[in-house]
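Below you'll find the structure, written out as structure tokens, and then a few comments.
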Amino acid sequence: MNSLLLNTDGVQIPQLGYGVFQVPADEAEQAVATALQAGYRHIDTAAAYGNEEGVGRAVRASGLPREKVFVTTKLWNGDHGRAEAAFDESLTRLGLDHVDLYLIHWPVPRQDKYVEAWKAMERIYRDGRAKAIGVSNFTVGALTRLMEETGITPAINQIELHPYLQQRELRAFHEANGILTEAWSPLGQGKGLLTDPALTVLSEKCGRTPAQVVLRWQLQLGNVVIPKSVTPARIKENIDVFDFILDTETMAAIGAMNRGQRIGPDPDTFNVT
């Protein structure tokens, strides 16, 4: 399993993780257990997903040393003004004494509390309760403001990123500022991407499934990636992407699929609390 170095005290993050967005609370423990058995060592959850308890149970029951499993959770929008208390609540639900990465889930610019939240997260980091801190769904403007007003650069920005939404400008900003890019919905949530004829041709050429080709493209771009599935066969399929390489022509062909097309909300206007 490849790992990438965060900009935080030598902390490394497994490049391919397992996401549990929309995994029901009563299925999360078994799904995460299956993922850990398949070889995943990076689990991504959030307070808003409602499944932190199941994730924590699976991590604790896995028999793996705690330092071998990288756990991410996120601060929900309505908790920007009480980040430390919300973090403690997440730790309690997870049943862990620390997380490896804590993220602001959305900037919610209309609420205008993300800088306040970030300052609280810095305290969480200094106390050692989160090994690294970062953000999710932040734009160039929000990132710039955060860094200018606090002097602390996020370790990572987790954003919607797939062949139909490649986020090149934002990825370039990340690279210039030492921020890792993490892709959510890396497979386009099954909404047409994996049956796209252009991708089907590339899949047949590579002798791999469309999902494996897309995940390999993500990895070769240098992204951290967190595919989600509750189907054991697909959980295993999605991690089986480290024994082949896409050639330059294939990478360019996937690059040509960009449409600037979102599946999820626009971070500039998303205001759910």
Side-chain angles (χ1 to χ4, degrees), residues 13 17-32 35 42-59 70-96 98-118 120-121 124-125 129-130 132-139 142-143 146 154-162 165 182-191 224-230 262-273:
I13 183 169
Y18 178 68
V20 296
F21 174 58
Q22 294 181 333
V23 175
D26 59 351
E27 296 180 29
E29 182 176 0
Q30 183 55 57
V32 172
H42 169 190
I43 308 298
D44 180 278
T45 184
Y49 299 168
N51 55 24
E52 287 173 311
E53 294 94 337
V55 169
R57 284 195 298 270
V59 170
F70 192 102
V71 177
T72 299
T73 195
K74 308 179 191 78
L75 174 71
W76 186 236
N77 303 345
D79 291 328
H80 283 195
R82 57 181 300 276
E84 290 179 90
F87 176 79
D88 288 339
E89 291 162 7
S90 280
L91 273 192
T92 297
R93 287 189 292 267
L94 286 163
L96 302 175
H98 73 277
V99 296
D100 299 278
L101 180 62
Y102 194 45
L103 306 179
I104 298 177
H105 206 150
W106 291 87
V108 200
R110 190 183 307 174
Q111 182 176 252
D112 196 24
K113 291 184 178 180
Y114 64 81
V115 173
E116 175 186 347
W118 186 243
M121 289 173 64
I124 292 167
Y125 164 69
R129 293 182 292 155
I133 53 175
V135 296
S136 182
N137 302 300
F138 272 52
T139 61
L143 286 168
L146 203 66
I156 206 163
N157 187 16
Q158 185 184 117
I159 56 175
E160 180 182 348
L161 200 159
H162 44 76
L165 183 71
E182 183 169 17
W184 63 258
S185 288
L187 301 175
Q189 294 185 15
K191 296 181 179 179
V224 179
V225 61
I226 46 169
K228 168 252 173 178
S229 176
V230 294
R262 289 188 183 277
I263 295 168
D266 183 336
D268 282 327
T269 58
F270 186 60
N271 196 43
V272 173
T273 57

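Scope of the values below: all heavy atoms of this structure, side chains included, with no hydrogens, waters or symmetry mates.
In terms of modelled atom types and a separation under 3.5 Å, the side chain of Lys74 and the main chain of Ala47 share no donor-acceptor contact. Between the side chain of Glu160 and the main chain of Leu165, no donor-acceptor pair closer than 3.5 Å is present. Of the possible donor and acceptor atoms, one in the side chain of Asn51 sits under 3.5 Å from a partner among the backbone N and O of Val23. Distance alone, capped at 3.5 Å, places no donor-acceptor pair between the Ser185 side chain and the Gly188 backbone.
Looking only at side-chain heavy atoms (C-beta outward), Leu161 and Pro186 stay at 4.5 Å or farther from each other. When side chains are defined from C-beta on, Leu187 does not count as touching His162, because their heavy atoms never get closer than 4.5 Å. Side-chain contact check for Leu94 versus Thr73: some heavy-atom pair is nearer than 4.5 Å. Between Leu75 and Leu103, every side-chain heavy-atom pair lies at or beyond the 4.5 Å cut-off. By the 4.5 Å heavy-atom criterion applied to side chains, Arg129 and Phe87 are counted as neighbours. By the 4.5 Å heavy-atom criterion applied to side chains, Val225 and Trp184 are not counted as neighbours. Residues Ile104 and Trp118 form a side-chain contact, since some pair of their non-hydrogen atoms from C-beta on lies under 4.5 Å apart. The closest side-chain heavy-atom distance from Asp100 to Ile13 is not below 4.5 Å.
Results of the side-chain hydrogen bond (donor to acceptor under 3.5 Å, both in side chains) test with His80 over Lys113, Gln111, Glu116, His105 single out Gln111 as the only residue that passes.
Using a 3.5 Å distance cut-off with no hydrogens or angles, the side chains of Asp44 and Gln158 do pair a donor with an acceptor. Side-chain polar atoms of Ser136 and Asn157 form no donor-acceptor pair below 3.5 angstrom. A donor-acceptor pair shorter than 3.5 Å cannot be found between the side chains of Asn271 and Trp106.
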### Query
Does the side-chain contact (heavy atoms from CB on, under 4.5 Å) test come out yes or no for Leu146 and Tyr114, once each step is laid out?
CA-CA 8 Å; Leu146 203 66; Tyr114 64 81; 3.7 Å; yes

### Task
Evaluate the criterion side-chain contact (heavy atoms from CB on, under 4.5 Å) for residue pair Val20 and Val55; output intermediate values, then yes/no.
CA-CA 9 Å; Val20 296; Val55 169; 4.1 Å; yes

### Query
What do the steps show when you test Ile159 against Glu182 for side-chain contact (heavy atoms from CB on, under 4.5 Å), and what is the final call?
CA-CA 6 Å; Ile159 56 175; Glu182 183 169 17; over 6 Å; no

### Task
Would you please test Tyr18 and Ile226 for side-chain contact (heavy atoms from CB on, under 4.5 Å) and show each step?
CA-CA 5 Å; Tyr18 178 68; Ile226 46 169; over 6 Å; no

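Here CG of Asp268 is found 11.0 Å from CG of Asn137. Values are rounded to the nearest 0.5 Å. Note that the CZ atom of Phe21 and the CD atom of Gln189 stand 6.0 Å from one another [nearest 0.5 Å].
When all heavy atoms of Gly50 and Ala25 are compared, the pair lying nearest together is O-CB, 3.4 Å. Heavy-atom minimum distance, Ala142 versus Pro107: CB-CB, 4.5 Å. Contact between Val99 and Val71 at its shortest, heavy atoms only, is CB-O, 3.7 Å. Pro265 approaches Phe270 most closely through the heavy-atom pair CB-CD1, 3.4 Å. When all heavy atoms are compared, the tightest approach of Pro267 to Pro109 is O-CD, 3.5 Å. The two residues His42 and Val224 have their closest heavy-atom pair at CE1-CG1, 3.7 Å.
Open room surrounds CZ on Arg110; 12 or fewer heavy atoms of other groups in view lie less than 6.0 Å from it.
Checked for salt-bridge contact, Glu52 and Arg57 miss the test: no charged N lies under 4.0 Å from a carboxylate O.
With ring centers used as reference points, Tyr125 lies 6.0 Å or more from Tyr102.
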